Protein chains: 2
Amino acid sequence: MADDRLSLVFSALADPTRRDIVARLAAGDATVNELAEPYEVTVQAVSKHIKVLEDAGLVSRSRDAQRRPCHLEAEVFDLMTKWIERYRRKAEDRFLRLDALLGQMGEQPATDTQGKEAAS
Amino acid sequence: MADDRLSLVFSALADPTRRDIVARLAAGDATVNELAEPYEVTVQAVSKHIKVLEDAGLVSRSRDAQRRPCHLEAEVFDLMTKWIERYRRKAEDRFLRLDALLGQMGEQPATDTQGKEAAS
DNA sequence: AAGGTATTTAACCAAGTGGTTGAATATGAG
DNA sequence: CTCATATTCAACCACTTGGTTAAATACCTT
């Protein structure tokens, strides 16, 4: 239902096992078997996890004999960071403007404009 | 299955409708009905989406008569950014070291070390 | 008290997910 | 060719998810 890139990336990272795999790949490339070793689940399950990461563009793979080494694609992180920063900045700007507004109002009567800003 | 905070946050943002809601809340607080208006789904469905965002700590709510205004909690973004930056930095450092290594090797015979760096 | 608006809860359904086991494929080693 | 290793595919299962409709709750207005 959500097959756009950002959805795939967030969805992929919503699973702690997959985040752990990403964390380990950040330290260096690894094969499916190597990645599967620390977990109690079957290697097939880990293979599926890797496929999810691959579909999201977080991981790429090469061929080394029977092995399929996994490599972390760092650029995809930029996609997330960009999205996150965009709205965080908006929210913070709004917060700062509100803050300034409250500062202004401190020097005035301040009547019916309460209740909404009290939340922050 | 994944009830830690980061999983909840990533999972919440994996849905495009919920990301859209976050985007709109970044511009200002809004009620459930206001948020539901642009979509074709029922207001109950949107109410569920908001609950997911709330459980993830991305949204907080207050009370205004019958209304329950939603407010974007920007701090949670830091949690994500921290996680992302941590592993992106690791991956980039590793990439830079590889780059330096390849630079060194450029002054030497350079035999079987090709094919891996071509991807970047 | 009665009615209207805003929101949530409950029960249900189709589709998706993470796991399993068992069989298939791909490649290197004898 | 045969065997072992590495990985994937297929079928299945329990559970979750995003949606629905119908009913309940919360609060204001008259």
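Residue numbering restarts at 1 for every chain, and letters A, B, ... go by the order of the sequence lines. Bear in mind that the values here come from a model prediction, so they are computed numbers and not experimental data.
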Looking only at the side chain of [X] (C-beta and beyond, no hydrogens), which of the listed nucleotides [options] gets closest?
{"X": "B:V43", "options": "D:dG19, D:dT7, C:dT8", "value": "C:dT8"}
{"X": "A:R18", "options": "D:dT7, C:dG18, D:dC28", "value": "C:dG18"}
{"X": "B:Q66", "options": "D:dA6, D:dC27, C:dG18", "value": "D:dC27"}

Can you check the [X] [atom1] to [N] [atom2] distance for me, whole Å?
{"X": "A:E40", "N": "C:dT20", "atom1": "CD", "atom2": "P", "answer": "10 Å"}
{"X": "B:R67", "N": "C:dT8", "atom1": "CZ", "atom2": "P", "answer": "13 Å"}
{"X": "B:D64", "N": "C:dT5", "atom1": "CG", "atom2": "P", "answer": "17 Å"}
{"X": "A:D29", "N": "D:dA6", "atom1": "CG", "atom2": "P", "answer": "18 Å"}
{"X": "A:K48", "N": "D:dT8", "atom1": "NZ", "atom2": "C1'", "answer": "11 Å"}
{"X": "A:R61", "N": "D:dA6", "atom1": "CZ", "atom2": "C1'", "answer": "11 Å"}
{"X": "B:L35", "N": "C:dT7", "atom1": "CG", "atom2": "C1'", "answer": "12 Å"}
{"X": "B:K51", "N": "D:dG19", "atom1": "NZ", "atom2": "C1'", "answer": "17 Å"}

**Under-3.5 Å donor-acceptor pair between A:Q44 side chain and C:dG22 base** = yes

Considering all heavy atoms of both residues, which atom of [X] and which atom of [Y] are nearest to each other, and what is their separation?
{"X": "B:L35", "Y": "B:P38", "result": "O-CD, 3.1 Å"}
{"X": "B:V76", "Y": "B:G57", "result": "CG2-O, 2.8 Å"}
{"X": "A:E34", "Y": "A:R24", "result": "O-NH2, 3.1 Å"}

**Asked** To the nearest 0.5 Å, what is the distance between CG (B:L58) and CD (B:E75)?
**Response** 10.0 Å

**Asked** Hey, does A:T17 reach any base, or is it just sugar-phosphate, or nothing, if we go heavy atoms under 4.0 Å?
**Response** nothing

**Request:** Decide, yes or no, whether a salt bridge links A:R94 with B:D29 under the criterion of side-chain N to carboxylate O below 4.0 Å.
**Result:** yes

**Request:** Tell me which of A:A65 and A:H49 sits closer to the 5' end of DNA chain C, going by the nucleotide each one is nearest to.
**Result:** A:H49

**Request:** Look at the side-chain N and O atoms of B:N33 and state whether any lies under 4.0 Å from the OP1 or OP2 oxygen of C:dT5.
**Result:** no

**Item:** N or O in side chain of A:S47 less than 4.0 angstrom from D:dT7 OP1/OP2
**Value:** no

